[in-house]
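One structure is given below, encoded as structure tokens.
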Amino acid sequence: MKGTILRLKNQAGLILIPIAPFSFDPSMHKPDHFPSQDTKWEQGIRWQTMLWQGKPLGLKFENIGTIGKPKIKLNVFSEDKLEKKYLEGLKEEINYRYDFNTDLTEFNQKFRDDKQLGPIIKKWPGMRIMSPQSLYEYLVIGIMLQNCTVGRSVNMMQILFEKYGKEVKFDGNKFFCFWEAKILLRTTEEQLRALKVGYRAKSLLRITEPFAKGEINEISLRKKDEEEQRETLISLYGVGPATVGYILFDVFKHYAELRHISPWEQKIYSKLFFDKDPENPVPVKKLLKHFEKYGNYKQLAVHYIWEDLWWKRKNEHIPWLEKLIRV
DNA sequence: CATCAGGGCCCTG
DNA sequence: CAGGGCCCTGAT
């Protein structure tokens, strides 16, 4: 809650070994994600808060390996000393969320000669997809992305963090940590609307319920097949094909999940893959057909090319892209 | 000033 | 299956 800052003074050190090859920076920082107060990145280091089994944590990942011999030093900051068993579970969870245990050898071999994808694979061998949040947290973010500008999403998340999250300090930085789903059960739609989330208030409450009541268990949902996961997600009020698509890929790591392209993505893809004027975009059907060549790695392939564009944007001005991003 | 579309989704007909 | 409405914000 606002006002009190939790100081996460206790530290525990862990070593993580992603399966080689592994490129740290493009895996641990995604420039297309909107900035939020739960994370920070600089070359070779990522800070991130995490709520795990009810405990707010501060994570500091440092790259101490190479692409061929990956190694990450992870400092876990917490209020109290953490038990060995807790840390073991945490390590497993982090390996899952950050996709460290995935072997991308086949992907690399299959597409290293692809005209567009090949050079990016060579530049960033073993780049992972990343979802530092839990499923519930990702759903909240997904709802806050809908039908608004980036700036508005940023504001709404900030207000929610201030109202329901916890402010924490670790490693000399202040961050916010996500709230537990059950916290929002005490809230009404009117109270949420007062925070200017608009009609999303209803969705927020409706997605919160099954998590707070334990009707959806993320860990067991991971073991279900993709179609069952899709049905569980789409049945949630306020969750449609766009949000489900992101989650099946980012959270459940289905590299082939690509069946929905939203209008803003369509415009960017038209320029990126067909060099066509975004104002006169290539039909979605045609885009999807183009991606067929990437088979079971469709969305992963698009992710590589997409991230490459956003990294370029950090260093150079890309006028056509700026026009399509409403900040 | 007013108007409008947006990094979707739900609901209606 | 197409299209209107939704909260708010910033662009025009």
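Predicted model, so just to flag it, every value in this text is computed and none were measured. Residue numbering restarts at 1 for every chain, and letters A, B, ... go by the order of the sequence lines.
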Ring center gap for A:Phe61 and A:Tyr98 short of 6.0 angstrom: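 For A:Phe61 and A:Tyr98, the ring centres are under 6.0 Å apart.
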A:Phe107/A:Tyr304 aromatic ring centres below 6.0 Å: yes
Face-on cation placement of A:Lys55 at A:Trp52 ring, 6.0 Å and 45° thresholds: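 Checked: cation-pi criterion not met.
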Using a cut-off of under 3.5 Å, enumerate the N/O to N/O pairs linking the protein to nucleotides 1-3 of chain B.
none

In a table with atom names and distances, give each donor-acceptor pair under 3.5 Å that connects a side chain of residues 148-155 of chain A to protein atoms at least two apart or in another chain.
{"unit_1": "A:Thr149", "atom_1": "OG1", "unit_2": "A:Arg152", "atom_2": "N", "d": "3.3"}
{"unit_1": "A:Arg152", "atom_1": "NH2", "unit_2": "A:Lys196", "atom_2": "O", "d": "3.1"}
{"unit_1": "A:Ser153", "atom_1": "OG", "unit_2": "A:Met144", "atom_2": "O", "d": "2.9"}
{"unit_1": "A:Ser153", "atom_1": "OG", "unit_2": "A:Thr149", "atom_2": "O", "d": "3.3"}
{"unit_1": "A:Asn155", "atom_1": "ND2", "unit_2": "A:Gly151", "atom_2": "O", "d": "3.4"}

At 4.0 Å (heavy atoms only), tell me whether [X] reaches a base, stays on the sugar-phosphate, or touches nothing.
X: A:Phe34; value: nothing
X: A:Arg200; value: base
X: A:Leu236; value: sugar-phosphate
X: A:Thr243; value: sugar-phosphate

Applying salt bridge (charged side-chain N to carboxylate O under 4.0 Å, His left out), which residue pairs with at least one partner in [range] are found, sequence neighbours left out?
range: residues 231-256 of chain A; value: none
range: residues 284-307 of chain A; value: A:Asp114-A:Lys293, A:Glu292-A:Lys298
range: residues 204-218 of chain A; value: A:Glu209-A:Lys213, A:Glu218-A:Arg222

Residue pair A:Phe22, A:Phe100: steps toward the ring-ring contact (aromatic ring centres under 6.0 Å, His included) verdict: CA-CA 8 Å; A:Phe22 174 69; A:Phe100 290 150; 5.5 Å; yes
Leading and trailing nucleotides of DNA chain C with any atom under 4.0 Å from heavy atoms of chain A: C:dC6 to C:dT9
Nucleotide pairing, DNA chain B (Watson-Crick or G-U, distances under 3.5 Å), in dot-bracket with [ ] and |: .|||||.||||||
Nucleic acid contacts of residues 133-153 of chain A, taken as heavy-atom distances under 4.0 Å to DNA chain C: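 Output list: A:Asn147, A:Arg152.
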Sorted by number, the residues of residues 299-316 of chain A with heavy-atom contact under 4.0 Å to DNA chain B: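 Under 4.0 Å from DNA chain B: no residue of residues 299-316 of chain A.
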Salt bridge present between A:Glu227 and A:Arg230 (N-O < 4.0 angstrom):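 So A:Glu227 pairs with A:Arg230 through a salt bridge.
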Partner residues of A:Asn63 under the side chain to side chain contact (heavy atoms under 4.5 Å, CB included) criterion, sequence neighbours left out: A:Phe24
Pair listing, ring-ring contact (aromatic ring centres under 6.0 Å, His included) test, anchored in residues 228-250 of chain A, at least two apart: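 Counting only pairs at least two positions apart or across chains, the ring-ring contact (aromatic ring centres under 6.0 Å, His included) contacts touching residues 228-250 of chain A are A:Phe249-A:His303.
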A:Lys224: partners by salt bridge (charged side-chain N to carboxylate O under 4.0 Å, His left out), with sequence neighbours left out: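 For A:Lys224 there are no salt bridge (charged side-chain N to carboxylate O under 4.0 Å, His left out) partners, ignoring immediate neighbours.
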Inter-nucleotide P distance (B:dC1, C:dC7), Å rounded: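 Those two atoms are separated by 25 Å.
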Separation between the C1' atoms of C:dC1 and B:dG7, rounded to whole Å: 24 Å
Separation of atom CG in A:Leu324 from atom P in B:dA5, rounded to whole Å: 17 Å
CA sep, side-chain torsions, deciding dist, call: A:Asp277, A:Trp320, side chain to side chain donor-acceptor pair (under 3.5 Å): CA-CA 9 Å; A:Asp277 180 5; A:Trp320 67 265; over 6 Å; no
Position toward the 5' end of DNA chain B (nearest nucleotide), A:Lys202 or A:Asp32: A:Asp32
A:Glu265 or A:Arg206, whichever maps to the more 5' nucleotide of DNA chain B: A:Glu265
A:Trp41 versus A:Asp25, side-chain donor and acceptor atoms under 3.5 Å: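 Judged by distance alone, the side chains do pair up.
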A:Glu79 and A:Asn10 side chains, donor-acceptor separation under 3.5 Å: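 There is no such pair (donor and acceptor under 3.5 Å, judged by atom type) between the side chains of A:Asn10 and A:Glu79.
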From CA spacing to verdict: ring-ring contact (aromatic ring centres under 6.0 Å, His included), A:His290, A:Tyr269: CA-CA 11 Å; A:His290 176 76; A:Tyr269 289 178; 9.9 Å; no
